[in-house]
Each structure stands twice: as structure tokens, then as C-alpha cells.
Amino acid sequence: MARKKLIAGNWKMNCLSAEGVALAKAVAEKVKANKYDCDFLICPPFTLLGLVKKCLRGTKIALGAQDVHFAEFGAHTGDISPLMLKDLGCSYTIIGHSERRVDHKESNALINKKAVAAHQAGLNTVICIGETGAERDAGKTIKVCQDEINGSVPADATAKNTVIAYEPIWAIGTGKTPTATDVQEVHAAIRAALAKKLGKATAQKMRILYGGSVKPNNASELLKLPDVDGALIGGASLKADDFVAIAANALK
Ligand code: 13P
């Protein structure tokens, strides 16, 4: 079953207005100039969502946030609701990135609750999972991923409203990646865990992205693996040339 690749950029806490607009415009122009047969998603910080949305007009690049609260409105100082993201033109939000799991102590239960709220508001979610270096060394990678799938992915997840991102924490921003064999093994195990939870048909259609030091020079090897359906890119998404080159190499 063919799953269309998704090339997603997570800008994290980077860019002020001028830089963010320039980056979004550069990506938009490059994507427009080429007929890449994949989906694109850009997830800037909350502060830039409105500005970046304008830059993406007339392109097929989707806009996403990096987190969301589970409530619609109310007394949650500093938080942003799914309806607010919809209102800004987002169609996606990342949920449960390891940096949020660590910095904000987000649990699987909270991530699950956020995903349900996002889906109810009509947003698609990119739910992140992945093991630490210590867990990997202890041979627990697959067990950690299975537990995170079971806990974080809500029962209402469909192949349309949910994308999984496997991001080994030790590979994020380090220049290190697992071997292609390891990535394929973990992605296949994630798909099996999704099949158990959501049914085989849904699992077969659901996209599972790889994230962690994806660059133009390793994209082709990682993205041609049978269970890798795209990439969630941090550092390299901050350079328009690199971000788009990853798509070009992935489709080779
Ligand atoms: P890097 O591509 O910088 O390793 O970041 C990956 C990531 O965390 C994307 O969400």
C-alpha cells in the first residue's frame, strides 16, 4: 500500500519575524518550482504561525504548531488551544515531542488527551515517540516505543488524522542516526503496535516518520526504507536548501 511521504520541518524555538518569513518564503518558492510528489509541513513557533501562513498561500505546504493544549478556552495561562490553531490556519500540530516530554514533564496520558482534543477540532497530529540513549543501550527501544504508542495514541486515531514520528532522543541534534536496519526494525515494530491498537488496515495506511539528524546526505537511505513514510526534521529545516533537498533525495 503506497503511503505518500510527508516531509515535515520542526523549527523548534528558532527564528524572529524577518528570518522566519524569509525561510518560509524560500521554502515556498522551492517547493512551487518543483513538482515534488510528497506532502510538506512546516511547524514554526507559535509566534510566527500567522506570518508563515501568509507566506505559504498558493502552495500545498501545510502549517502546523509544535504543541497544543487540550482545552478549548479558559484559565490556562500561556497555553494555546486547538481552536486557536485552527483559527490561525493550522492543519497539524506536533504532540509529545521528546523536548516537551522532558522540559514540561508531559506524560503519555496528557499527550493522548491533547491528541483527542486536536482531532475533535479538526487538526491532524504528529505524535512523537522514541527512546533515550540509556534505554537503547539497555535493549529497551522497542518496548519503549510500544508503551508510548499504547499510551499516547488515542483510540480515535485514523491514518488521516494521525502521523507517528519515531525520534530516538539520542539522535536529535547530535548528528548520530541509527543504522538503516535499526530504523526499519523499529518502524516495523511501531506499525505492528499500531495494528494491535487500531487494526491492521489503519496501521497499514498510517504514516510513520523518522526524525533525528535527518540531513540531505542521509535522507535517501533512511526514507527509502519500507516502513519510513517521511521525516520530521529539526536543524536542517532551518535551511530552505537543505529542507527541500531532503525531499528531493527522499524521492529519488
Ligand atoms: P534534528 O533534525 O535537529 O536532529 O531534530 C529532530 C527533531 O527533534 C525534529 O522534531
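Counting begins at 1 with the first residue of the sequence. Whatever order the structure lists ligands and atoms in, that order sets their numbers, starting from 1. Remember, predicted model here, so these are calculated numbers, not experimental data.
Note: no N/O pair closer than 3.5 Å links Glu99 and ligand 1 by distance alone. Taking any N or O of Leu232, backbone or side chain, none lies under 3.5 Å from an N or O belonging to ligand 1. For ligand 1, the polar-atom distance check finds no N/O of Ile172 at less than 3.5 Å from any of the ligand's N/O atoms. At under 3.5 Å, not a single nitrogen or oxygen of Gly211, backbone or side chain, sits near a nitrogen or oxygen of ligand 1.
When the options His97, Lys215, Lys12, Glu167 are ranked by their closest heavy atom to atom 5 (O) of ligand 1, first place goes to Lys12.
Ring geometry for Tyr166 versus His187: interplanar angle over 60°, hence perpendicular rather than tilted (30 to 60°).
Between Tyr210 and Thr177 there is a side-chain heavy-atom pair separated by less than 4.5 Å.
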Return a table of donor-acceptor pairs under 3.5 angstrom between the side chains of residues 214-221 and protein atoms on other chains or two or more places apart.
residue : atom : partner : partner atom : Å
Asn218  : OD1  : Lys215  : N            : 2.8
Asn218  : ND2  : Ser213  : O            : 2.9

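For atom 3 (O) of ligand 1, the closest non-hydrogen atom on the protein side is Gly235 N, 2.8 Å. Of all protein heavy atoms, the one closest to atom 2 (O) of ligand 1 is Gly234 N, 2.9 Å.
Of the possible donor and acceptor atoms, none in the side chain of Lys114 sits under 3.5 Å from a partner among the backbone N and O of Ile95.
Between Cys128 atom SG and Ile94 atom CD1 the span is 6.0 Å, to the nearest 0.5 Å.
More than 12 heavy atoms of other residues, nucleotides or ligands shown are found within 6.0 angstrom of NZ on Lys197.
In summary, Asp39 and Arg3 do not engage in a salt bridge, as defined by a charged side-chain N under 4.0 Å from a carboxylate O.
Here is the list of ligand 1 atoms found below 4.0 Å of a heavy atom in Ser213: 1 (P), 2 (O), 4 (O). Using a 4.0 Å cut-off to heavy atoms of Asn10, the atoms of ligand 1 that qualify are 9 (C), 10 (O). Ligand-side atoms of ligand 1 in range of Gly212: 4 (O), 6 (C), range being under 4.0 angstrom from any heavy atom.
Residue contacts with ligand 1 do not include Ala236, since none of its heavy atoms lies under 4.0 Å from the ligand.
Of the options Arg191, Lys4, Lys224, Lys205, a salt bridge (charged side-chain N to carboxylate O under 4.0 Å, His left out) to Asp229 is made by Arg191 and by none of the others.
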